[in-house]
Amino acid sequence: MVDYDLNGVEEDMSFLEMLDVLNEELVAKGEEPVEFDHDCREGICGTCSLMINGQPHGPDSRITVCQLHMRSFNDGDSIVIEPFRAKAFPVIKDLIVDRTAFDRIQQAGGYISVNTSGRPVDANAIPIEKDMADKSFNAATCIGCGACVAACKNASAMLFTSAKVSQFALLPQGQVEAAERVQNMVRQMDLEGFGNCTNTGACEVECPKGISLENIARMNREYLSASVKG
Amino acid sequence: MSVLDSKVPSGPLAEKWTKHKNEIDLVNPANKRNIDIIVVGTGLAGGSAAATLAELGYNVKTFCYQDSPRRAHSIAAQGGVNAAKNYQGDGDSVYRLFYDTIKGGDYRSREANVYRLAEVSSNIIDQCVAQGVPFAREYGGLLDNRSFGGVLVSRTFYAKGQTGQQLLLGAYAAMNRQIQRGKIKSYTRHEMLDLVLVDGKARGIIARDLVTGEIERHSGHAVVIATGGYGNLFFLSTYCMGANVMASWKAHKKGAFFANPCFTQIHPTCIPVSGDHQSKLTLMSESLRNDGRIWVPKRLEDAQAIREGKLKPTQLKEEDRDYYLERRYPAFGNLVPRDVASRAAKERCDAGHGVNKTGEAVYLDFEAAIMRYGKEKAYTSGIKDPDKATIRQLGEEIIEAKYGNLFQMYEKIVDQNPYKTPMMIYPAVHYTMGGLWVDYNLQTTIPGCYSAGEANFSDHGANRLGASALMQGLADGYFVLPYTIGDYLSDDIRTGPIPTDSAEFDEAEKNVRDRIEKLMSGKGEHSVDYYHKKLGKIMWNKCGMSRNAKDLESAITEIAELRKDFWENVNIPGSSDSKNQELEKAGRVADFLELGELFAKDALQREESCGGHFREEYQTPEGEALRDDENFKYAAAWEYKGEPKDAVLHKEELKYENIEVKTRSYK
Ligand SMILES: Cc1cc2nc3c(=O)[nH]c(=O)nc-3n(C[C@H](O)[C@H](O)[C@H](O)COP(=O)(O)OP(=O)(O)OC[C@H]3O[C@@H](n4cnc5c(N)ncnc54)[C@H](O)[C@@H]3O)c2cc1C
Ligand code: SF4
Ligand code: FES
């Protein structure tokens, strides 16, 4: 752990802009800056990933680190910043971790097998109940940040995986491959070394997109019925 | 004769694409297995192209600098995607979408490309729905639409304020399916540093593994550049922090012409700059202009009182507000195209009516919409004589359902509640219409080097209409490029794998290594950001929302000086053979420092105002843009000749055979 003192922090600054200021100072002193992951800086790409005072994405709820502003802290506070920690997220450098395990879970089945070069039916041929479409959308808003894993004492990836499973399970288009999908994705999740879910709900609390635990329940049902079907 | 051959097929406009598809050479499925394609960029354009090419049978390698293809900046697109479905029955058609796009682009785009875009637009929606993209729906279960600026129909499909996210996750899912089948090999945290040409054809790239710092060679029979736009040239923009021009610029230096660099879109509704520490700007989707009304105080004293915090906007009476867009453009009102809305905001703020501390902000007000929706909802829910509080609450709920995440985003940044007090907004750099010049097949002037999505210059002319970038990215990637590239590759079925141990690869790798070494050996005076911010200031002040010859000339000199200073004095700590974010930034800024100069040069030669390019010398007495079709009805394609100042201009004359060229009017 390294301690840095920082002046000139303003309320309107975002947390990452505060780190920019720190890095600018370090570079000016000829030292190496602290590396951290970030890109969109508007809470949608899911790249930023910091534990701040022990909380993934910091103290405020329903936001990512890049949306956190310094007005959430007091002058003189010491702030402890760490990378997301989990066996399946090895640290690359400083505050940057490797989350490609998430990609591999998606590759195992997070799609509907239609050809992009095919000739699908008209988009309005299958009406979908608004409520279902909205629920599917809510599940699909997961940004793949990994805060759920970092928040969980078992480092479980259930919330993330179940969000994708749910998105498709709630749509008629997703039904055909539903059983296979859930089995393949769960298998991959286990292979990656994520822990088991013991229903503590810490993931839902820390999820910046408010992905609901209902998705985990739905995935468990899907998984069970897939196993029964064999 | 121009050296530029647009390869637009002959025949009537509406039949060109079908005819072309029937006539171009195809590669048979067995032979596709012997062909490798490199796709740089995994946003909507690159992701959809990679998935489709792999599905057709080619071996695809994809590259992105983020840790996952899912994080490309397409993810941030908010408002929606256009398609000429005419589901609303409001008179939409392929022709109307085509017409709106050409007109919106101020008659500076290529007719045949735009028509094709409109033609395939409706396939995009079918395709995405089949893939499980959860678009917004009406209560009856059918897809919902909203309207966007510059048009009079409702043709925008959306998924709340996260349309880009949902579409990108769709393309990412399609990619994942092909990764699982072994048809795509995805290289993440990799950056393309150079394009490799063999016998004049694009045959590979040099990439840097951003984790290990290793320099790698990758070969293919064709290279697709889909690396997005270059708006980060301005430092502050709505782009992601890593957005860059590196891949396109390297292709440009190897012979690909760069077209219309000065055509940049400045988006009217972004959260204003709050201070010097600012690292990026956040867009508030154009869809908000469906329901929000834009205004500033009529009286200068009121504006001043508001700036000083002595007066609240909600205290200002209706008659003391200037709804300047509604006043100036009664036909389109708040829904005028972006370039028009941005300039109008700047005009009001320059005249002293700005409403935040810096005087660079106008209001976007939802009060009227909240009350209108609230009333409607009260009636349809059978509430008789609802009181104001009930109406407001119902109205706020409806606004929440439509734009909830945008309102939340705003509140997090500005610390004000936009349901209760109007949003403050100001224009910011958002999109680049310019880019690599491509022909009808999306091929650049280098054989075998293609470009798709925002990286190319096609389709949007001098101004892009809202919700048309997502449409173009997916049209290019899913429906155009996978076919047109076959025409070129049909000559390569017997070529066999391209070796990477050739003299050409040796040389390209050596150049890349030399450049990195040179960057690392700067004297260490200033950080990379120092230079980037300086460049941004020059660009914004002299090549921004309005331009004039004198400023552009001085921008050219200043940028050239800044570039020289950068190469001598930049400070990059650490080493080049491991993860080094300062080095990554430095490489990107170095390219911007060249592009910036070409940008100013392009803006200087275009002695007219059109779309996002506003030259103060060329305007009507009412301050509207004054186009010069006689002399400037062309796409400016620049050929690299060493320093940016030596670039040579080639003109692609634009012909309008199916549309009457008129002065754009939104009055
Ligand atoms: C905030 C915001 C909101 C928007 N909203 C809308 C909207 O509502 N509707 C609409 O139609 N348009 C919208 N747009 C515009 C639209 O999102 C973009 O034009 C479009 O998504 C660009 O897609 P793309 O595939 O061309 O590029 P991007 O999605 O930007 O992808 C670029 C890819 O290139 C890769 N890359 C870049 N450089 C390199 C390199 N050197 N080496 C390797 N890889 C590299 C990146 O990793 C990334 O994968 C919006 C844009 C912004 C910024
Ligand atoms: S479920 Fe929430 S916390 Fe987990 S990856 Fe998705 S958005 Fe992040
Ligand atoms: S940087 Fe994109 S979500 Fe934080």
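The figures that follow rest on heavy atoms only: side chains count, while hydrogens, waters and symmetry mates do not. Note that the coordinates shown come from a computational prediction; the quantities given were computed from them, not determined experimentally.
Nearest approach of A:Cys40 to B:Cys240, heavy atoms of both residues: CA-CB, 3.8 Å. The two atoms that bring B:Arg70 and A:Ile143 nearest to each other are NH2-C, 3.2 Å, heavy atoms only. When all heavy atoms are compared, the tightest approach of B:Gly132 to A:Gln167 is O-NE2, 2.9 Å. Nearest heavy-atom pair across A:Ile63 and B:Lys412 is CG2-CE, 3.3 Å. Heavy-atom minimum distance, B:Asn176 versus A:Asp103: OD1-O, 4.5 Å. A:Ala123 and B:Leu143 get closest at one heavy-atom pair: CB-CD1, 3.6 Å.
A:Val97 touches chain B through its backbone: at least one of N, CA, C or O sits under 4.5 Å from a heavy atom, while the side chain does not. Looking at A:Phe168, the atoms closer than 4.5 Å to chain B (heavy atoms on both sides) all sit in the side chain, from C-beta outward. At a 4.5 Å heavy-atom cutoff, the contact between B:Gln166 and chain A is made by side-chain atoms alone. Residue contact with chain B, scored on non-hydrogen atoms closer than 4.5 Å, involves the side chain of A:Asp20 exclusively. With a 4.5 Å cut-off on non-hydrogen atoms, B:Gln127 touches chain A through its backbone and its side chain both. Contact annotation for B:Gln408: only side-chain heavy atoms (C-beta onward) come within less than 4.5 Å of a heavy atom of chain A. Heavy atoms closer than 4.5 Å to chain B are found in both the backbone and the side chain of A:Gln106. At a 4.5 Å heavy-atom cutoff, A:Ser72 makes no contact with chain B through either its backbone or its side chain. With a threshold of 4.5 angstrom between heavy atoms, A:Ile96 approaches chain B through side-chain atoms but not through N, CA, C or O. For A:Gln173, the part lying near chain B is the side chain, with the backbone staying farther off; criterion is any non-hydrogen pair under 4.5 Å. Only the side chain of B:Gln165 comes within contact range of chain A, with at least one heavy atom under 4.5 Å from a heavy atom of that chain. With a 4.5 angstrom heavy-atom cutoff, B:His73 touches chain A only via side-chain atoms. Only the backbone of A:Glu31 comes within less than 4.5 Å of a heavy atom of chain B; no side-chain atom from C-beta onward does. If you measure heavy-atom distances from A:Ile92 to chain B, the contacts under 4.5 Å come from the side chain alone. Of the two parts of B:Ser186, neither the backbone nor the side chain holds a non-hydrogen atom closer than 4.5 Å to a non-hydrogen atom of chain A. Heavy-atom distances place the side chain of B:Tyr87, and not its backbone, under 4.5 Å from chain A. Proximity to chain A is limited to the side chain of B:Leu56, based on heavy atoms less than 4.5 angstrom apart. Residue B:Val414 touches chain A through its backbone alone, counting heavy-atom pairs closer than 4.5 Å. With a 4.5 Å cut-off on non-hydrogen atoms, A:Arg104 does not touch chain B at all. Of the atoms belonging to B:Arg189, it is side-chain heavy atoms, and not backbone ones, that fall under 4.5 Å from chain A. Proximity to chain A (any heavy atom under 4.5 Å) is shown, for B:Asp415, by both the backbone and the side chain. B:Gln78 touches chain A through its side chain: at least one heavy atom from C-beta onward sits under 4.5 Å away, while N, CA, C and O do not. Heavy-atom distances place both the backbone and the side chain of A:Ser136 under 4.5 Å from chain B.
Per-residue counts of heavy-atom pairs under 4.5 Å with chain A were compared for B:Leu169, B:Val129, B:Asn405, B:Asp126; the largest is that of B:Asp126. Comparing B:Ala173, B:Gly524, B:Ser48, B:Pro69 by how many heavy-atom pairs each has under 4.5 Å with chain A, the most go to B:Ala173. Of all the listed residues (A:Arg41, A:His38, A:Lys93), the one sharing the greatest number of non-hydrogen pairs under 4.5 Å with chain B is A:Arg41. Counting heavy-atom pairs closer than 4.5 Å to chain B, the top residue among A:Asp12, A:Asp131, A:Leu171 is A:Asp12. The candidate from B:Ile179, B:Thr188, B:Ile572 with the greatest count of non-hydrogen atom pairs under 4.5 Å with chain A is B:Ile179. Between chain A and the options B:Glu525, B:His526, B:Met175, B:Lys160, heavy-atom pairs under 4.5 Å are most frequent for B:Lys160. Note: A:Ser113 leads A:Ser113, A:Pro33, A:Pro172 in heavy-atom pairs under 4.5 Å with chain B. Comparing B:Met241, B:Arg71, B:Arg181 by how many heavy-atom pairs each has under 4.5 Å with chain A, the most go to B:Arg71. With respect to chain B, the highest number of heavy-atom pairs below 4.5 Å among A:Ala108, A:Gly30, A:Gly8 belongs to A:Ala108. Heavy-atom pairs under 4.5 Å with chain B were tallied for A:Thr100, A:Asp60, A:Thr141; the largest tally goes to A:Thr141. For the set A:Glu129, A:Glu32, A:Met18, the count of heavy-atom pairs under 4.5 angstrom toward chain B peaks at A:Glu32.
B:Ser122 OG to A:Asp122 CG: the interatomic distance, rounded to the nearest 0.5 Å, is 7.5 Å. Between atom CG of residue A:Asn124 and atom NZ of residue B:Lys85 there is a gap of 7.5 Å, rounded to the nearest 0.5 Å. Interatomic distance, CD of A:Glu10 versus NE2 of B:His277, reported as 5.5 Å (0.5 Å rounding). Separation of atoms CD (A:Glu24) and NZ (B:Lys533) is listed at 6.0 Å; rounding is to 0.5 Å. Here the CD-OG distance, from A:Glu11 to B:Ser274, works out to 11.0 Å after rounding to the nearest 0.5 Å. Note that CE of A:Met13 and CD of B:Gln278 are 10.5 Å apart. Values are rounded to the nearest 0.5 Å.
For residues 83-92 of chain A, the side chain to side chain donor-acceptor pair (under 3.5 Å) pairs, not counting sequence neighbours, are A:Glu82-A:Arg85.
In terms of modelled atom types and a separation under 3.5 Å, the side chain of B:Gln581 and the main chain of A:Phe36 share a donor-acceptor contact. Checked by atom type and distance alone, the side chain of A:Glu17 pairs as donor or acceptor with a backbone atom of B:Ser279 at under 3.5 Å. Looking only at distances, a side-chain donor or acceptor of A:Asp39 sits under 3.5 Å from a matching main-chain atom of B:Gly242. Side chain of B:Glu55 to main chain of A:Thr116: a donor-acceptor pair is present (N/O by atom type, distance under 3.5 Å, no hydrogens or angles). Panel note: side chain B:Asn571, backbone A:Val27; a donor-acceptor pair is recorded below 3.5 Å. In terms of modelled atom types and a separation under 3.5 Å, the side chain of A:Gln67 and the main chain of B:Met409 share no donor-acceptor contact.
Heavy atoms of other residues, nucleotides or ligands lying less than 6.0 angstrom from CD of B:Gln416 number more than 12. A 6.0 Å sphere centred on CD of A:Gln175 holds more than 12 heavy atoms belonging to other residues, nucleotides or ligands.
Side chains of A:Asn115 and B:Arg177: a donor-acceptor N/O pair is present below 3.5 angstrom, by distance only.
Using a cut-off of 4.0 Å between Lys/Arg side-chain N and Asp/Glu carboxylate O, B:Lys280 and A:Glu42 are scored as salt-bridged. The residues B:Asp67 and A:Arg99 are annotated as salt-bridged, a charged nitrogen and a carboxylate oxygen being separated by less than 4.0 angstrom. A salt bridge does not link A:Asp94 with B:Lys579: none of the charged nitrogens is closer than 4.0 Å to a carboxylate oxygen.
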